[in-house]
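This report concerns only the one structure given below.
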Amino acid sequence: MGLENATKLMTYITKAGKEYICVMETHEKVDLSIVKKIAEEFKGTIYQRPPVRSSVKRRLRTRKVFDIEVLEGKDDKLFLLRISSEPGTYMRKICHDMGIILGIGAHMRELRRIRSGIFTESGLVTLQEVSEALYMWKNCKDETDLRKILLPMEIGLCGIPKIILDDNAVNAIAYGATANAPGIVAYQNFKKGDLVGLITLKGEGVAIGRALVDSDNIQQMKKGEVIKPNRILIKRDVYPRAWK
């Protein structure tokens, strides 16, 4: 969940890679070694049609499974899987399709998402903890617990390459200008079309946008557009206006 300007990053975070732990139940008993062998066939790009009860149109599409591991089995019918994939991949459909290939049928019994982009379960807090932190802040003027819960917006940029901007270039981008070569102080490697985060010398998030050139070309560029911002993260006029 994001607050204020951080909500602008939520779309990109939800589109990042996911990792799940799920329990698959087969409809007949099957040896663990056979399930592990079948699971290997689901690594890479797979065809998948969303289940009947889903929020998207049921049309055949491709999704990439980065890794799938059968962690353990119980009673030759319950199997614990760890799956990492691109967003939009249905775990219950993977379990169903594995059952078809096994020839005995299967369904997903339980599911837990353990990672979304760079965010993992280790950083989770309960709603009770949020409620208590808000109470202490509002009624006791104590923001200690709230500060432990809230993360800087810039944490959401950790999973993508970044560009550090000169202070004189920040306000122009806040008004919607492209990031040009003369205003770039430092950068990480990226390719044309990649999603890139723009930050200040202090590490403040400025914008997120698409690369118009490869990063290898920046050093030779004396002028020209490098990043076209999609979402502006910083308020206008926080930094001085450097254009006429």
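Bear in mind that the values here come from a model prediction, so they are computed numbers and not experimental data. Count residues from 1 along the sequence.
The shortest distance between side-chain heavy atoms of Leu146 and Leu134 falls below 4.5 Å. In this structure, the side chains of Leu71 and Ile21 come closer than 4.5 Å at one or more pairs of heavy atoms. Side-chain contact check for Phe79 versus Val30: some heavy-atom pair is nearer than 4.5 Å. For the pair Ile208/Leu157, a side-chain contact is recorded, criterion being any heavy-atom separation below 4.5 Å from C-beta on. Using a 4.5 Å heavy-atom cutoff, the side chains of Met24 and Val35 are in contact. A heavy-atom distance below 4.5 Å is found between the side chains of Ile155 and Ile118. Residues Leu195 and Arg210 have side chains in contact (heavy-atom distance under 4.5 Å, counting atoms from C-beta outward).
The cluster map of Ile, Leu, Val, Met, Phe, Trp and Tyr, joined by side-chain heavy atoms under 4.5 Å apart, puts Leu111 and Ile46 in the same cluster. One hydrophobic cluster, built from ILVMFWY side chains closer than 4.5 Å, cannot hold both Leu78 and Ile104; they sit in different ones. Val130 and Tyr135 are assigned to two separate hydrophobic clusters, defined by single-linkage of ILVMFWY side chains at heavy-atom distances under 4.5 Å.
The OG1 atom of Thr26 lies 8.0 Å from the CG atom of Asp76; values are rounded to the nearest 0.5 Å. The NZ atom of Lys74 lies 14.5 Å from the CG atom of Leu32; values are rounded to the nearest 0.5 Å. To the nearest 0.5 Å, atoms CZ (Phe119) and CG (Leu124) are separated by 11.0 Å. Here the straight-line distance linking atom CD1 of Ile34 with atom NZ of Lys37 works out to 8.5 Å at 0.5 Å rounding. Put simply, CD1 on Ile163 and OG1 on Thr200 are 13.5 Å apart, with the number rounded to the nearest 0.5 Å. Note that CG of Leu165 and CG of Leu198 are 5.0 Å apart. Values are rounded to the nearest 0.5 Å.
For the pair Leu9 and Gly156, the tightest heavy-atom approach, listed with the atom from each and the gap, is CD1-CA, 4.4 Å. Minimum heavy-atom separation, Ala177 to Pro229: O-CG, 3.4 Å. Contact detail for Ala207 and Ile173: the closest heavy-atom pair is CB-CG2, 4.0 Å. Nearest heavy-atom pair, Glu154 versus Gly205, reported as atom, atom and distance to 0.1 Å: OE2-N, 2.7 Å. Across Cys22 and Ile83, no two heavy atoms sit closer than the pair SG-CD1, 4.2 Å. Annotation for Ala181 and Val226: closest pair N-CG2, 3.7 Å, computed over non-hydrogen atoms.
Residues forming a side-chain hydrogen bond (donor to acceptor under 3.5 Å, both in side chains) with Arg147 (at least two apart in sequence, or on another chain): Glu143. For Arg231, there are no side-chain hydrogen bond (donor to acceptor under 3.5 Å, both in side chains) partners at least two apart in sequence or on another chain. Taking Thr62 as the reference, nothing meets the side-chain hydrogen bond (donor to acceptor under 3.5 Å, both in side chains) condition, with sequence neighbours excluded. Evaluation of the side-chain hydrogen bond (donor to acceptor under 3.5 Å, both in side chains) rule for Arg82 yields Glu69 as partners, not counting sequence neighbours. Considering only residues two or more places apart in sequence or on other chains, Arg113 meets the salt bridge (Lys or Arg N to Asp or Glu O under 4.0 Å) condition with none of them. Remark: Lys43 engages Glu40, Asp67 in a salt bridge (Lys or Arg N to Asp or Glu O under 4.0 Å) (not counting sequence neighbours). Take Arg236 and apply the salt bridge (Lys or Arg N to Asp or Glu O under 4.0 Å) test, not counting sequence neighbours, and it matches no residue.
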(request) Given side chain to side chain contact (heavy atoms under 4.5 Å, CB included), test Asp237 with Asn171 step by step and report yes or no. (result) CA-CA 6 Å; Asp237 300 321; Asn171 204 39; 3.1 Å; yes

(message) Checking Tyr239 against Asn168 for the side-chain hydrogen bond (donor to acceptor under 3.5 Å, both in side chains) test, could you report, in this order, the C-alpha distance in whole Å, the side-chain angles of both residues, the deciding distance, and whether it holds?
(response) CA-CA 8 Å; Tyr239 278 75; Asn168 291 327; over 6 Å; no

(request) Check the pair Thr120, Ile114 against side chain to side chain contact (heavy atoms under 4.5 Å, CB included), reporting the backbone distance first and the verdict last. (result) CA-CA 6 Å; Thr120 65; Ile114 61 173; over 6 Å; no

Output side-chain donor-acceptor pairs under 3.5 Å for residues 212-221, partner residues at least two apart or in another chain, one line each.
from   : atom 1 : to     : atom 2 : distance (Å)
Asp214 : OD1    : Lys192 : N      : 2.7
Ser215 : OG     : Phe190 : N      : 3.0
Ser215 : OG     : Phe190 : O      : 3.1

Which pairs of donor and acceptor atoms, one on a side chain in residues 86-103, lie under 3.5 Å apart (sequence neighbours left out)?
from  : atom 1 : to    : atom 2 : distance (Å)
Glu86 : OE2    : Lys64 : N      : 2.8
Thr89 : OG1    : Glu86 : O      : 2.8
Arg92 : NH2    : Arg53 : O      : 2.4
Lys93 : NZ     : Asp97 : OD1    : 2.9
Lys93 : NZ     : Asp97 : OD2    : 3.4

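Listed by first and then second residue, the salt bridge (Lys or Arg N to Asp or Glu O under 4.0 Å) pairs that reach into residues 114-136 are Glu19-Arg115, Arg112-Glu121, sequence neighbours excluded. Identified under the salt bridge (Lys or Arg N to Asp or Glu O under 4.0 Å) test for residues 155-177, with sequence neighbours left out: none. Pairs engaging residues 20-36 under the salt bridge (Lys or Arg N to Asp or Glu O under 4.0 Å) rule: Glu25-Arg109 [sequence neighbours left out].
Within 6.0 Å of the NZ atom in Lys77, the count of heavy atoms belonging to other residues, nucleotides or ligands exceeds 12. Residue-environment remark: CZ (Phe66) exceeds the threshold of 12 foreign heavy atoms within 6.0 Å. More than 12 heavy atoms of other residues, nucleotides or ligands lie within 6.0 Å of CZ in Arg58, so this atom counts as buried by the packing criterion. More than 12 heavy atoms of other residues, nucleotides or ligands sit less than 6.0 Å from atom CG of Leu60.
Distance alone, capped at 3.5 Å, is enough to place a donor-acceptor pair between the Lys8 side chain and the Ile232 backbone.
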